[in-house]
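These notes concern the structure reproduced below.
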Amino acid sequence: MTAVLSSLPPWLQRGLADLFPAAVAQEAGLDPDQTLAARLAEAEAAGRPLRVKLGIDPTGSDIHLGHSILFRKLRAFQDAGHTAVLIIGDFTARIGDPTGKSTTRVQLSAAEVEAHAETYLVQLGLGQDPGRALLDFHTPGRLEVRRNSEWLAGLNLPQVIELLGITTVGQMLAKEDFANRYGSGTPISLHEFLYPLLQGYDSVAVQADLELGGTDQKFNVAMGRDLQRHFGQRPQFGMLLPILPGLDGVQKMSKSLGNTVGLAEDPLSMYSKLEKVPDVVVDEYLTLLTDLDLAVLPANPRERQKLMALELTRARHGVAAAAAAQVDAAALVAGAAGAGAAAAEVPETSLVAVNFPAKAFYLLAAVGICASSSEARRQIQGGGVKLDGEKLVDPNQEFASAAELHGKVLQLGKKTFRRLLAG
RNA sequence: GGGUCGGUGCCCGAGUGGUUAAUGGGGGCGGACUGUAAAUCCGCUGGCUCUGCCUACGUUGGUUCAAAUCCAACCCGGCCCA
């Protein structure tokens, strides 16, 4: 594969899982509809940037590192002068992509979807410091943000029937997720069959030259090609990137599995999560999430791991914050109690909403460290809670006022910290 | 529409009238250990400012001193047949 790809630029090749129908001309063809190298050459000759599509469904409110693989590649295209067409799936989010799902997804309201879309754009860099933004929002012509309700909401029944006629039940059932669900007797709602078609229709609507997606998107991206052909357009290329393993190192990074690092997370939690990722995925993170050359990195696994955590934190929060996070993480985990904890930069929480006098277990819950006061009580009894490095043993210990807690660091386990502020 | 089986805590899955937040596993969280992690061992895993009080086994009613467990209707789903 490396040899075949050799005429594509390195920035484009890095971390690819799949590229279809073909990367460069193997034997006969220099057909720009069949090989990406030819399409790139053609575009360059014509002085026309490629339209690179990436669709995201605003179904949750946080973007995590797993998603950022795709955005990084999209950014690379931008930096090479191409046009990123970011599709906010505000319409499709309400159907729910059945990919990778074992059950029908709950449908979201239009308002929820829109709220998510806004936070997505901010996390991608809209209105943020361009130096740390994931996408280039500033250079003219490099980014097009579209919402697919723009063309999907207005489809009428004859048009929908036309779309449905393009494919068959057999083809749909060839899709792994559907096949599994059908095979195991898990319900599949009919509207879920519409999802791949609508995603494909997005490609038609924006006249995509190439669509980015995770490897699990192959079916949907290929569907886009079928639809484009049906509507008389040149079919897009499909560029698939690996699915990032989550912090557990086994399953894919996914919010529902709780193994994510969110782009919006503070430096300390980002760093401390990343520095304990299993060794086997460290190189994968480095390849997919950074531009570093793996060959020149330290061989010691622990060193490598820390460097990866540092680099990813830096990319998001800047050099100073990342370095501070590394120091703080070391101090806090080492349990260098008072000193370390006091010096550390940890997320701050106001105590204004807490009613005093406050018992310890209530405090934990009120401050948001524990999901419930009952859980807080258990955690304290389990010996996992510290205040300024000192273990709390009595869940009923009372604190009389916010003032006596001001500036102290409340800690649950090794990963969760809150600095308490009286105001 | 007919037949049939089934709906239990984050998930899977026991339980089939009676002290009980409800066996077990997974996952998660915490502790010990370690270079972080993994593995292993231990603890916790409904809510509530909690020595007690609430809410829980699809929904709603019913039988009973007592129901996740019995009955009825309804809702949802699988499979077979139309």
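Worth saying up front: this structure is predicted, and the values here are computed from it rather than measured. Chain letters run A, B, ... following the sequence lines, proteins first, then strands; residues in each count from 1.
To the nearest 0.5 Å, atom CG of residue A:Leu268 and atom OG1 of residue A:Thr416 are 10.0 Å apart. Remark: A:Leu12 CG to A:Arg14 CZ distance equals 13.0 Å, nearest 0.5 Å. Interatomic distance, A:Leu16 CG to A:Leu240 CG, rounded to the nearest 0.5 Å: 9.0 Å.
Distance A:Asn259 CG to B:C10 C1': 15 Å, rounded to the nearest Å. Taking atom CD of residue A:Gln381 and atom C1' of nucleotide B:C42, one finds them 16 Å apart after rounding to whole Å. Between the P atom of B:G31 and the CG atom of A:Leu392 lies a distance of 13 Å, rounded to the nearest Å. When the C1' atom of B:U34 is taken as reference, atom CD of A:Glu275 falls 13 Å away, rounded to whole Å. Put simply, CZ on A:Arg377 is 14 Å from C1' on B:C44, counting in whole angstrom units. Across the protein-nucleic acid pair, A:Asp279 atom CG and B:A39 atom P stand 13 Å apart, rounded to whole Å. Atoms NZ (A:Lys276) and C1' (B:U34) sit 13 Å apart, rounded to a whole Å.
Between A:Thr313 and A:Met270, the shortest heavy-atom distance links the atoms CA-SD, 3.9 Å.
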Problem set entry | Intra- and interstrand pairs of RNA chain B - dot-bracket, Watson-Crick/G-U under 3.5 Å, | marks other strand | ((((((((.[[[..)..(.....]]]((((((.......))))))(((...)))...[[[[[..)....]]]]]))))))).
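Between A:Trp11 and A:His82, the ring planes lie tilted relative to each other; the angle falls in the 30° to 60° range.
Looking at residues 348-364 of chain A, you'll see A:Asn355, A:Pro357, A:Lys359, A:Phe361, A:Tyr362 sit with a heavy atom under 4.0 Å from some atom of RNA chain B. In the region residues 284-296 of chain A, proximity to RNA chain B at under 4.0 angstrom, judged on heavy atoms, holds for none of the residues. Interface residues of residues 302-313 of chain A facing RNA chain B, ordered by number: A:Arg302, A:Gln305; criterion, heavy-atom separation under 4.0 Å.
Taking atom C1' in both B:C33 and B:U40, one finds a spacing of 9 Å when rounded to whole Å. Taking atom C1' in both B:G6 and B:U16, the straight-line distance is 15 Å, to the nearest Å. Nucleotides B:U69 and B:U59 are separated by 10 Å at their P atoms, to the nearest Å. Spacing between B:G26 and B:U45 at atom C1', rounded to whole Å, works out to 13 Å. One P atom belongs to B:U20, the other to B:U55, and the distance between them is 15 Å to the nearest Å. One C1' atom belongs to B:C81, the other to B:G13, and the distance between them is 31 Å to the nearest Å. A distance of about 25 Å separates the P atoms of B:U23 and B:G31, rounded to the whole Å. For B:A21 and B:C10, the C1' atoms lie 16 Å apart once the distance is rounded to whole Å.
Aromatic rings from A:Phe91 and A:Trp151 are positioned such that their centres are separated by 6.0 Å or more. Annotation: A:Phe178 is not in aromatic contact with A:Phe219 [ring centroid separation under 6.0 Å not met].
Taking 3.5 Å as the limit, the base of B:C50 and the side chain of A:Ser373 contain a donor-acceptor pair of atoms between them.
Screening A:Thr92, A:Asn148, A:Asn220 for a side chain to side chain donor-acceptor pair (under 3.5 Å) involving A:Gln199 leaves a single residue, A:Asn220.
Note on A:Glu150 versus A:Arg146: salt bridge recorded, some NZ/NE/NH1/NH2 to OD/OE distance being below 4.0 Å. In this structure, A:Arg316 does not pair ionically with A:Glu265, as no charged nitrogen and carboxylate oxygen lie closer than 4.0 Å. Contact check on A:Arg377 versus A:Glu375 returns no salt bridge, with no Lys/Arg side-chain nitrogen under 4.0 Å from an Asp/Glu carboxylate oxygen. Contact check on A:Arg181 versus A:Asp177 returns no salt bridge, with no Lys/Arg side-chain nitrogen under 4.0 Å from an Asp/Glu carboxylate oxygen.
Heavy atoms of other residues, nucleotides or ligands lying less than 6.0 angstrom from CD of A:Glu398 number more than 12.
Side chains of A:Ser203 and A:Glu211: a donor-acceptor N/O pair is present below 3.5 angstrom, by distance only.
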For this session: Quick one: do A:Arg142 and A:Phe77 satisfy side-chain contact (heavy atoms from CB on, under 4.5 Å)? Show the steps, please.
Result: CA-CA 9 Å; A:Arg142 294 277 171 84; A:Phe77 273 103; over 6 Å; no
For this session: Sugar-phosphate means primed atoms, P, OP1 and OP2; the rest is base. With that split, encode nucleotides 25-30 of chain B 5' to 3' as B, S or - using protein heavy atoms under 4.0 Å.
Result: ----SS
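Not one side-chain nitrogen or oxygen of A:Arg378 sits closer than 4.0 Å to the OP1 or OP2 atom of B:G31.
Taking the side chain as every heavy atom from C-beta outward, A:Leu54 and A:Ile87 never approach each other to under 4.5 Å. The shortest distance between side-chain heavy atoms of A:Phe20 and A:Asp18 falls below 4.5 Å.
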Listing, residues 279-298 of chain A side-chain donor-acceptor contacts under 3.5 Å, not counting sequence neighbours, or none:
from     : atom 1 : to       : atom 2 : distance (Å)
A:Asp283 : OD1    : A:Arg304 : NE     : 2.8
A:Asp283 : OD1    : A:Arg304 : NH2    : 3.3
A:Tyr285 : OH     : A:Pro245 : O      : 2.7
A:Tyr285 : OH     : A:Gly246 : O      : 3.4
A:Thr287 : OG1    : A:Asp283 : O      : 2.9
A:Thr290 : OG1    : A:Leu286 : O      : 2.5
A:Thr290 : OG1    : A:Leu292 : N      : 3.2
A:Asp291 : OD1    : A:Arg72  : NH2    : 2.8
A:Asp293 : OD1    : A:Ala295 : N      : 3.0

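Counting any heavy atom pair closer than 4.0 Å across all strands shown, A:Pro395 reaches no nucleic acid atom.
Along RNA chain B, the nucleotide closest to A:Ser374 and the one closest to A:Leu247 are compared, and the more 5′ of them pairs with A:Leu247.
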